[in-house]
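Just so it is clear, the model here is predicted, and its values are computed rather than measured.
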Amino acid sequence: MELDPDDVFRDDEDDPENEALRQRASSKELVVYLVDASPKMFSTNCPSEQEDQKDESHFRIAISCILESLKTQIINRSYDEVAVCFFNTREKKNLQDLNSVFVFNVADREFLDRPTAKFIKELSRLEEFFVKEIGSQHGIVSGSRENSLYNALWVAQALLRKGSAKTADKRILIFTDEDDPFGNIKGGAKADMTRTTLQRVKDAQDLGISIELLPLSQLDREFNVSLFYADLIGLQGEDLAQFVPAAGERMEDMKYQLRKRMFKKRIVRKLTFSVANGVSIEVHTYAFIRPTVLGSITWLDSVTNQPIKIERSFICADTGALMQEPPKHFQTYKNQNVKFSVEELSEIKRVSTGQLRLLGFKPLSCLKDYHNLRPSTFIFPSDEEVIGSTRIFIALHRSMIRLNRFAVAFYGTSSHSQLVALVAQEEIIDSGGQVEPPGMHMICLPYSDDIRHAEELHSGTNAAIPRANEDQIKKAAALIKRIDLKDFSVYQFANPGLQRHYAILQALALEEDDLPEIKDETVPDEEGLARPGVVKAIEEFKLSVYGDKYDESDNAGHKKVSEASKKRKALADGAVQKSAQYNWDALADSGKLKDLTVVELKFYLSAHDLPVSGKKEDLVKRILTHMGK
Amino acid sequence: MARNKEALVLLLDVGPSMHHLLPEVEKICSMIVQKKLVYSKYDEVGVVLFGTEETENELTMEVGGYEHVVVLQNIKVVDGDLVETLKKIPRGTLPGDFLDAIVVGMDMLIKKYSSTNKGKKRLCLITNGLSPIKDPYEGSKEDQVNAIAQQMTSHGMKLESVVVRESVVLDENVSVMEENDRILNLFPKRTCAKMVFVESSTSLLGALKTRSISPVTIFRGDLEISPKLKIKVWVYKKTSEEKFPTLKKYSDKAPSTDKFASHEVKVDFEYKSVEDANKVVPPEQRIKGYQYGPQVVPISADEWDAVKFKPEKSVKVLGFTDSSNIMRHHYMKDVNIFIADPGDQNAILAVSALARAMKEMHKVAILRCVWRQGQGNVVVGALTPNVSDNDHVPDSFYFNVLPFAEDVREFQFPSFSNLPASLLPDEEQQEAADNFVKMLDLAPSDKEEMLQPDFTPNPVLELKKSMKRMREKPSGSDEEDNYRRITSKNKVDLIENGVKVEKIGDLTPVQDFELMMSRRDNPEWINRAITEMKNKIHDLIEDSIEGDNYPKALDLLVALRKGCILEQEPKQFNDFLHQLCKFCLEHDLRSFCDFLASKGITLISKTEAVDSDVTEEEARNYLVKREAKPE
């Protein structure tokens with residue numbers, strides 16, 4: 001969890017986990033959220049699935065999605081810069097002083113800046129002051145030349161002028177439920193407005209800004225993208241047919257879909273997948289699942305709260321001379337030191353420079369539950385550079401699903417090489433949209449060096465190991481049926497440790513006094529377990545397996561523990577006695593402590609409940625500290 | 001001997017039937033020692049050969065018997081000489097008795113270490129199990145095995161048997177082989193022993209644990225199903241990635257004359273204020289600052305301890321769910337294994353009952369785990385049953401960590417079915433893909449699964465074990481070839497026409513031949529396959545030096561014979577065999593004919609293929625007669 005300063009400089013070449021993290025931090029994102037604040041966004045309600053929750057307006061859904069994404073950004077990608085900008089507002093606040101556009105911000109922050117704790121806090125309180133300070137109002141009215149959408153895009157584009165397009169991804173995300181913004185304008189004015197707006201979009205795109213639409217459909221009428229927005233975001237032909245607006249009859253579904261689109265699909269790597277001799281296709285990999293780690297730690301000087309810099313120096317153990325960065329490493333082999341330069345080391349590790357190479361196929365039953373080391377990576381084909389990649393990929397994908405096979409491949413990068421299983425995943429769609437995208441998951445297989453056989457450790461030398469009989473299995477089955485989690489989804493738990501960590505940080509960052517309570521969702525349902533049906537199933541299982549001796553065996557366990565602790569206590573007692581035989585004060589004063597043996601020193605330490613680990617010097621030091629000398 | 005030190009005795013079958021395998025055996029044995037030199041240089045190794053002409057062991061001097069067993073190397077600390085010794089294992093001349101060798105190995109271990117020492121003692125037997133074992137003087141073979149097993153248990157030894165099983169096993173050997181398998185199988189039942197069958201040399205490499213790690217539990221305590229039902233379990237790691245050994249930094253400052261120089265480098269850290277580079281901050285004056293957006297929030301360790309998330313140590317079942325709810329790709333990390341407390345019979349039963357019920361019902365358990373007190377976080381994961389089919393290994397569970405909501409990123413991808421037709425495969429291409437997937441089968445039903453993770457060693461780790469070799473030639477091309485060999489099984493042209501083999505390659509000639517023979521698009525393929533095969537065999541024999549290619553040639557010949565019977569082309573084979581024998585006699589290669597005779601290769605008789613004009617007796621006597629003639 002914590003980053004140790006020594007750990008920072010560990011040889012992390014070997015750490016593939018870091019690789020993914022580094023990838024993630026390599027490019028930053030500049031995002032402007034453009035939220036339609038027209039009265040319509042407030043009037044449309046979206047029914048919630050849970051009965052105890054209120055229906056929510058489209059506006060609220062948009063804001064809560066943005067909040068969620070900001071919270072993720074502040075944790076994971078705090079270098080991203082964001083701006084939240086409303087259009088169709090009563091008030092105006094923007095650099096160009098254009099009507100109907102309001103850039104939301106807090107003090108000490110530029111319009112487009114890194115998200116801060118205060119920003120998130122204020123945004124979450126938005127509703128309290130929205131009507132008073134911002135206000136909602138249709139921006140495009142017939143008869144006026146005012147074009148709020150045009151203005152909004154202009155403001156957003158101006159905000160994104162910051163930073164070079166090479167180092168940052170620039171995006172504008174538009175949340176709206178109006179599929180035909182100029183619908184109430186008639187005649188030439190409409191064509192004119194459409195033309196100028198599209199021109200504005202084109203200018204933005206030429207500057208390397210991508211514009212994405214997050215449409216919210218209404219209950220009765222689906223968002224018709226072809227009316228206006230198709231031209232705006234550049235959808236054509238096939239793409240247009242595929243564009244599905246976040247429909248969703250339920251609020252939860254809608255949020256889920258918006259969330260999926262808000263994150264930019266980040267390609268971890270572009271790989272060449274060689275299928276057979278002379279046949280290679282192009283695939284892109286994506287990281288769906290990666291452990292979220294606590295943000296990085298900066299060491300500060302506790303007096304000034306200023307960051308400190310860690311300097312590392314190398315000292316030759318033989319001569320004490322200060323060295324430059326040592327160029328070579330060594331390993332003792334046959335009593336000789338074998339030296340390696342950095343280049344040689346990376347050469348050794350590079351078994352293969354080839355990327356992903358297919359070796360063959362196996363039935364899915366050969367992929368065991370213990371064949372896992374790291375989070376999986378998702379693979380999707382691309383025709384960008386190798387035409388026909390998608391076709392071959394799909395053909396293999398279909399065959400693998402039909403024949404119940406997975407592929408074994410060799411995946412080599414410059415620092416790491418691994419046998420991987422490629423498991424074809426069929427697309428899964430439910431009412432909320434795509435649950436599992438089609439493609440393949442790349443799962444790292446362990447080598448024989450990585451597999452341990454702990455279960456054989458206790459393989460009985462004498463009698464056969466007992467096995468459960470039919471009745472016991474039946475009782476277990478009854479128990480399993482009772483404690484059933486229907487609709488379990490791996491995404492349902494938030495990480496309580498992480499949540500708490502960030503809740504505390506947020507509270508401290510905002511200088512709030514009371515710390516928030518975080519609900520731990522991962523604790524078992526005690527109430528459910530106390531239901532009579534469950535209790536009965538448990539008791540029957542206990543009776544069947546343990547007979548009536550369950551409590552006894554429990555006690556036996558306790559007895560064992562107490563025996564161990566008794567032993568420890570006896571040791572400590574012995575140490576107290578033995579320790580009393582020495583005149584520690586005198587020894588310490590005369591500096592003779594170092595003449596005692598480590599065993600003798602430990603008498604003192606264990607008699608005073610101090611740790612007994614470390615070198616002799618440490619022990620002496622510890623004793624002296626304890627005596628206050 | 002320290003607790004984590006190991007004494008290993010290698011028992012190697014060097015009898016004639018093993019000769020063609022010995023180069024591989026030499027390779028892995030020397031690799032084991034090399035690995036020990038890097039990872040555990042105080043381990044001790046001894047080497048016993050059996051199937052030798054000579055006899056040289058202490059037991060034969062003390063009690064007699066135990067013939068044809070040679071102690072090549074007494075147990076001693078690993079060194080470079082041992083690597084060299086193992087690279088040149090002398091060949092034996094007689095079929096060896098592995099039971100004798102086991103007893104000799106045990107005797108060495110017992111004599112070397114008194115029963116008090118705590119280190120690990122391991123015997124490792126490598127044989128093909130084709131040579132018969134002698135009947136004991138008294139009692140049955142089973143009794144003998146029992147006695148040996150008992151001794152092993154009482155001295156805390158482990159036996160690992162690696163049996164190399166090749167595809168070519170001829171009739172007369174089958175009974176011996178089965179008997180031997182039965183006997184070797186008795187060991188795992190009676191004592192701490194393990195038996196592995198391997199078919200290929202890559203598997204041979206992986207089958208032997210070259211480095212043993214003493215497993216440590218990461219949790220011992222209750223698996224809590226409800227507050228009323230707790231099962232005592234121990235949790236170990238099942239997989240854990242083995243890393244490249246950390247190398248020390250090298251200092252060349254010490255004068256070259258200093259023999260005792262450690263050449264090590266110490267690393268010193270100093271903390272300095274960013275503003276004033278001369279101001280050194282003492283380590284205890286540091287405080288951690290946590291990033292939150294652009295802000296850095298300083299929190300001292302004490303403050304943090306007071307407020308941070310502190311779950312109680314526990315492992316609790318949240319409930320059971322259908323295994324289909326958990327996707328394979330959700331598994332996050334290396335895998336743990338849950339074993340019932342070995343001292344608690346009821347716990348073993350409870351785990352067994354649950355595991356079996358879960359397997360039947362296709363359920364998994366969802367767990368919330370806090371392994372240690374003071375751990376700052378909880379882990380949620382899936383427990384899947386692992387029902388054991390070995391009577392001596394208890395049922396257990398595998399545990400895989402699942403992601404939290406924060407760990408998941410979801411993206412939308414286009415459906416394959418919505419893609420334009422230009423990107424989709426047509427029917428013919430789809431069929432080709434189907435065939436391709438079927439052809440490149442790594443786990444054919446009649447054969448060992450290839451590239452099984454349990455038997456496939458990490459090429460990077462293997463490489464660095466041979467440090468010295470690396471110094472001479474720092475490249476890993478060998479190992480890559482090894483993998484490629486498996487893939488380049490056949491030439492595939494997926495896009496054009498599906499799978500076709502047009503030539504017999506050098507790497508997997510038998511498979512290539514079979515594939516060619518089974519092609520039905522043109523009858524010419526059969527003739528071509530047979531002709532190519534004949535040429536291959538011919539070349540092999542001609543190029544062979546002291547018979548080193550004979551086993552390979554035999555494999556091909558057996559395949560050819562089989563193919564000719566299947567395709568009813570007996571004359572092709574019989575003529576070829578005549579021709580081959582003639583050729584051998586003319587070119588002073590009579591040893592090959594003898595070799596064939598000893599392996600029982602015969603002409604194809606009328607009973608096997610109707611078209612043949614050779615009677616069964618003629619067929620059987622053909623090579624034997626040849627043998628007799630010159631005398």
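- If you take CG on B:Asp434 and OG on A:Ser399, they are separated by 3.5 Å, rounding to the nearest 0.5 Å.
- Here B:Gly289 is the residue among B:Ser352, B:Gly319, B:Gly289, B:Pro403 with the most heavy-atom pairs under 4.5 Å with chain A.
- If you tally non-hydrogen atom pairs under 4.5 Å between each of A:Glu539, A:His441, A:Gln425 and chain B, the highest count goes to A:His441.
- Between chain A and the options B:Phe309, B:Tyr331, B:Phe320, the largest number of non-hydrogen pairs under 4.5 Å is found for B:Phe320.
- Using a 4.5 Å cut-off between heavy atoms, B:Ile326 contacts chain A through its side chain alone, with no backbone atom that close.
- A donor-acceptor pair is defined here as one N or O able to donate and one able to accept, closer than 3.5 Å; no such pair exists between the side chain of B:Lys363 and the backbone of A:Asp484.
- Using a 4.5 Å cut-off between heavy atoms, B:Met358 contacts chain A through both its backbone and its side chain.
- Using a 4.5 Å cut-off between heavy atoms, B:Leu402 contacts chain A through its side chain alone, with no backbone atom that close.
- Here B:His330 is the residue among B:Lys316, B:His330, B:Lys438 with the most heavy-atom pairs under 4.5 Å with chain A.
- Looking at B:Asn386, B:Thr239, B:Thr384 one by one, the single match for side chain to side chain donor-acceptor pair (under 3.5 Å) with B:Tyr398 turns out to be B:Asn386.
- Contacts of A:Phe380 with chain B are made by side-chain atoms alone, with heavy-atom separations under 4.5 Å and no backbone atom involved.
- For the options B:Ala350, B:Pro311, B:Ala347, heavy-atom pairs under 4.5 Å to chain A are most numerous at B:Ala350.
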Hey, mind stepping through B:Ile366 and A:Phe488 against side chain to side chain contact (heavy atoms under 4.5 Å, CB included) and telling me if it holds? CA-CA 9 Å; B:Ile366 304 300; A:Phe488 173 80; 3.6 Å; yes

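- Contacts of B:Val380 with chain A are made by side-chain atoms alone, with heavy-atom separations under 4.5 Å and no backbone atom involved.
- Only the side chain of A:Glu427 comes within contact range of chain B, with heavy atoms under 4.5 Å apart.
- The residue among A:Ile538, A:Ile480, A:Leu505 with the most heavy atom pairs within less than 4.5 Å of chain B is A:Ile480.
- Annotation: maximal heavy-atom pairing with chain B below 4.5 Å, among A:Ile504, A:Val535, A:Leu445, occurs at A:Ile504.
- By the salt bridge (charged side-chain N to carboxylate O under 4.0 Å, His left out) test, B:Asp334 is found to be paired with B:Lys237, residues two or more places apart in sequence or in another chain being considered.
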Check the pair B:Met332, A:Arg374 against side chain to side chain contact (heavy atoms under 4.5 Å, CB included), reporting the backbone distance first and the verdict last. CA-CA 5 Å; B:Met332 289 272 282; A:Arg374 281 196 287 277; over 6 Å; no

Side chain to side chain contact (heavy atoms under 4.5 Å, CB included) evaluation trace for A:Tyr447 with A:Leu373: CA-CA 10 Å; A:Tyr447 285 114; A:Leu373 286 174; over 6 Å; no

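- Considering only heavy atoms from C-beta on, B:Pro298 stays 4.5 Å or farther from B:Lys288 through its side chain.
- Counting heavy-atom pairs closer than 4.5 Å to chain A, the top residue among B:Val335, B:Ile287, B:Leu423 is B:Ile287.
- Top candidate by heavy-atom pairs under 4.5 Å with chain A, chosen from B:Leu349, B:Ile225, B:Ile299, B:Val378, is B:Leu349.
- Proximity to chain A (any heavy atom under 4.5 Å) is restricted, for B:Ile337, to the side chain, taken from C-beta onward.
- Ranked by heavy-atom pairs under 4.5 Å with chain B, the first of A:Leu498, A:Val545, A:Thr522 is A:Thr522.
- If you tally non-hydrogen atom pairs under 4.5 Å between each of A:Leu367, A:Thr116, A:Val534, A:Asp383 and chain B, the highest count goes to A:Leu367.
- For A:Arg467, the salt bridge (charged side-chain N to carboxylate O under 4.0 Å, His left out) partners two or more places apart in sequence, or in a different chain, are B:Asp395.
- Cation-pi geometry between B:Lys238 and A:Tyr370 is met: under 6.0 angstrom from the ring centre, within 45 degrees of the axis.
- Between B:Tyr290 and A:His501, the ring-plane angle classifies as perpendicular under the 30° and 60° cut-offs.
- Inspection of the B:Asp407 and A:Asn495 side chains reveals no N or O donor paired with an N or O acceptor under 3.5 Å.
- When each of A:Lys475, A:Arg398, A:Arg391, A:Met400 is checked for heavy-atom pairs under 4.5 Å with chain B, A:Arg391 comes out on top.
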